[in-house]
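Counting starts at 1 for both ligands and their atoms, following the listed order.
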Amino acid sequence: MNTQEDKVALVTGASRGIGAAIATRLAANGFTVVVNYAGSEKEAAALAAGIEAAGGRALTAQADVSDPQAVRRMFDAAQAAFGGVDVLVNNAGIMKLAPLGESDDALIDSQIAINLKGSLYTMREAARRVREGGRIINLSSSVVGLYQPGYAAYAATKAGIEAATHVLAKEMRGRNITVNAVAPGPTATDLFLNGKPQSVIDQLTRLAPLERLGRPEDIANAVAFLAGPDGAWINGQVLRANGGIV
Ligand code: NAP
C-alpha cells in the first residue's frame, strides 16, 4: 500500500457518500485528513473518530464551500492544525434534475453556487496554499459525455469544473503540483439514489458494460491513485471512473 506519512489531505463534502469513502481511503494510505462537511456534523465527527480509532489522524471542518470566507477559514484551520495542505479533493456537490424549461431559479443557482463557484473557491485557495509536490483532484461527472435530458445545469457545472482543471494544471507549472478530475458514473449514494424511481435506478444500473452501480470505494480507489506516488505523472486529465458507461 502507498503510504503518505506527514501529508495532509483536505476532502470537501466528506461527511457522506463518495467523500467519506475518499477520506477513509486516504487516511488508510497514511494521509492526515481534514473532513469537511456542510450540515452533517455527526456523520463527519463519526468518520473522523473512526479514522483516529484505526490509528490515523483526522480533523473535522465545517464550511459551506459556496461561501469564500468559510473556505478560507477551513484552509486556515487545516494549516493551524497540521502546518499545511498537500492534497485538495474537491468533492462537495449537489445534483438537482429537471428539464431546463421546467427548472426554477433555485435549481440553477444552487448548483452553480455549490458545484461550480464552490469548486473554484476551493481550487483558488489550493492554488495559493498547496505545498510543493501536492495534488488537486476535482470531482466531475460522466454526465459530461452522456448529456442525458434533465442534467443541463448539473452537467454545465461539471463541464466548468473540467475546464478549470485543465487551466489550473497549467497555472501550477514549476510547483510540482498536479491537477486532475475524476468523473464518476452512477454511484450508489444519496445524491444518485434519492428521488429516483426504482425502474430508473435499474435502467441506469444496467447501462455500464460492467452492469452494476459504482460504489463509493470504486471512486476512492481512483482518487487514491491520483493522490499517491503512482499518479505522479498524470496531470491535467479527466479520469472517468464509470464501469465503461461512456
Ligand atoms: P452525497 O452522498 O449527496 O454527499 C454530498 C456531500 O457533499 C456531503 O458530505 C455533503 O455534506 C457535501 N456538501 C453538499 N453541499 C455542500 C456545501 N455547500 N459545502 C460543503 N459540503 C457540501 O453525494 P456523492 O454522491 O457522494 O457526490 C460526491 C461528488 O461526486 C459530487 O461532486 C457529485 O457531483 C459527484 N458525483 C456523484 C455521482 C453519483 O452517482 N453519486 C456521479 C458523478 C459525480 P453535508 O452532508 O454535511 O451537507
J.: For ligand 1, indicate whether the residue Ala63 contacts it via side chain, backbone, both or neither (heavy-atom separation under 4.0 Å).
T.: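 Under 4.0 Å from ligand 1, Ala63 contributes backbone atoms alone.
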J.: Tell me the contacting part of Lys158 for ligand 1: side chain, backbone, both, or neither, using a 4.0 Å heavy-atom threshold, strictly below.
T.: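 Just the side chain.
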J.: Hey, does the side chain of Glu125 reach the backbone of Met123 with a donor-acceptor pair shorter than 3.5 angstrom?
T.: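 Side chain of Glu125 to backbone of Met123: no pair is present.
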J.: Do the side chains of Leu139 and Pro184 get nearer than 4.5 Å, heavy atoms only?
T.: yes
J.: Quick one: do the Glu162 and Ser140 side chains pair a donor with an acceptor below 3.5 Å?
T.: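 Side-chain D/A pair, Glu162 to Ser140: present.
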J.: Return yes when atom CD of Glu52 has more than 12 non-hydrogen atoms of other residues, nucleotides or ligands closer than 6.0 Å, and no otherwise.
T.: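 Above 12, so yes.
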J.: What is the nearest protein non-hydrogen atom to atom 25 (O) of ligand 1, stated with its residue, atom name and distance?
T.: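 Sorting protein heavy atoms by distance from atom 25 (O) of ligand 1 puts Thr189 OG1, 2.4 Å first.
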J.: Would you find a donor on one side and an acceptor on the other, under 3.5 Å apart, between the side chain of Arg240 and the backbone of Ile245?
T.: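 Between the backbone of Ile245 and the side chain of Arg240 there is no qualifying donor-acceptor contact (under 3.5 Å).
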J.: Hey, looking at atom 3 (O) of ligand 1, which of Val35, Asn138, Leu191, Leu204 has the closest heavy atom?
T.: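 Result: the heavy atom closest to atom 3 (O) of ligand 1 is in Leu191.
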J.: Using a plain distance cutoff, I'd like to know if Arg16 has any nitrogen or oxygen under 3.5 Å from a nitrogen or oxygen of ligand 1.
T.: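 The answer is yes, given that Arg16 and ligand 1 share an N or O pair closer than 3.5 Å.
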J.: If you have a sec, work out which protein heavy atom is nearest atom 13 (N) of ligand 1 and how many Å separate them, to one decimal?
T.: Ala92 CB, 4.0 Å
J.: At a non-hydrogen distance cut-off of under 4.0 Å, which region of Thr12 contacts ligand 1 (side chain, backbone, both, or neither)?
T.: neither
J.: Is Tyr37 in polar range of ligand 1, meaning some N or O pair under 3.5 Å apart?
T.: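 No - when backbone and side-chain N and O of Tyr37 are compared with those of ligand 1, no distance drops under 3.5 Å.
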J.: Taking non-hydrogen atoms only, is Ala38 closer than 4.0 angstrom to ligand 1 via side chain, backbone, both or neither?
T.: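 For Ala38, backbone and side-chain atoms both sit under 4.0 Å from ligand 1.
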J.: Give yes or no for whether the N/O distance cutoff of 3.5 Å, strictly under, is met between Asp64 and ligand 1.
T.: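 Yes, at least one N or O pair falls under 3.5 Å.
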J.: For atom 34 (O) of ligand 1, what's the nearest protein heavy atom and its distance?
T.: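 The closest heavy atom on the protein side is Tyr154 OH, 2.6 Å.
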J.: Regarding Asp202 and Gln198, do their side chains bring together a donor and an acceptor under 3.5 Å, going by distance alone?
T.: yes
J.: In terms of residue, atom name and distance, what is the protein heavy atom nearest to atom 26 (O) of ligand 1?
T.: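 Nearest protein contact, heavy atoms only, for atom 26 (O) of ligand 1 is Ile18 N, 2.7 Å.
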J.: Could you see which bit of Ser140 sits under 4.0 Å from ligand 1, with heavy atoms only: side chain, backbone, both or neither?
T.: backbone
J.: Would you check if the side chain of Asn90 reaches a backbone N or O of Ile137 as a donor-acceptor pair within less than 3.5 Å?
T.: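 Checking the backbone N and O of Ile137 against the side chain of Asn90, no donor-acceptor pair under 3.5 Å is found.
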J.: Any nitrogen or oxygen of Pro184 lying under 3.5 Å from a nitrogen or oxygen in ligand 1? Just yes or no.
T.: no
J.: Got an N/O contact under 3.5 Å between Gly13 and ligand 1?
T.: yes
J.: Check this for me - ligand 1, Ile114, N or O atoms closer than 3.5 angstrom, yes or no?
T.: no
J.: To check your reading of the model: name the closest protein heavy atom to atom 14 (C) of ligand 1, its residue, and the distance in Å.
T.: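 Sorting protein heavy atoms by distance from atom 14 (C) of ligand 1 puts Gly93 O, 3.9 Å first.
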J.: Could you check whether Arg129 pairs with Asp76 (Lys NZ or Arg NE/NH1/NH2 to Asp/Glu carboxylate O, under 4.0 Å)?
T.: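 Looking at Arg129 and Asp76, the cut-off is met.
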J.: Say whether, by atom type as modelled, one donor and one acceptor occur between the side chain of Thr187 and the main chain of Gly185 under 3.5 angstrom.
T.: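 Flag set: sc Thr187 to bb Gly185 pair under 3.5 Å.
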J.: Is Gly118 near ligand 1, meaning one of its heavy atoms is under 4.0 Å from it?
T.: no
J.: Please confirm whether Val65 comes within less than 3.5 Å of ligand 1 when only nitrogen or oxygen atoms on both sides are compared.
T.: yes
J.: Tell me which protein heavy atom sits closest to atom 42 (C) of ligand 1, plus the residue, atom name and distance to 0.1 Å.
T.: Gly185 O, 3.3 Å
J.: Salt bridge between Arg212 and Asp218, side-chain N to carboxylate O under 4.0 Å?
T.: yes
J.: Under 4.5 Å between any side-chain heavy atoms of Ile108 and Leu100, yes or no?
T.: yes
J.: Donor-acceptor pair, Asn115 side chain versus Gly93 backbone, under 3.5 Å?
T.: no
J.: Say whether, by atom type as modelled, one donor and one acceptor occur between the side chain of Arg73 and the main chain of Ala63 under 3.5 angstrom.
T.: no
J.: Look at atom 46 (O) of ligand 1 and say which protein heavy atom is nearest, naming residue and atom and giving the distance to 0.1 Å.
T.: Ser40 OG, 2.5 Å
J.: Among protein heavy atoms, which lies nearest atom 28 (C) of ligand 1, and at what distance?
T.: Asn91 OD1, 3.1 Å
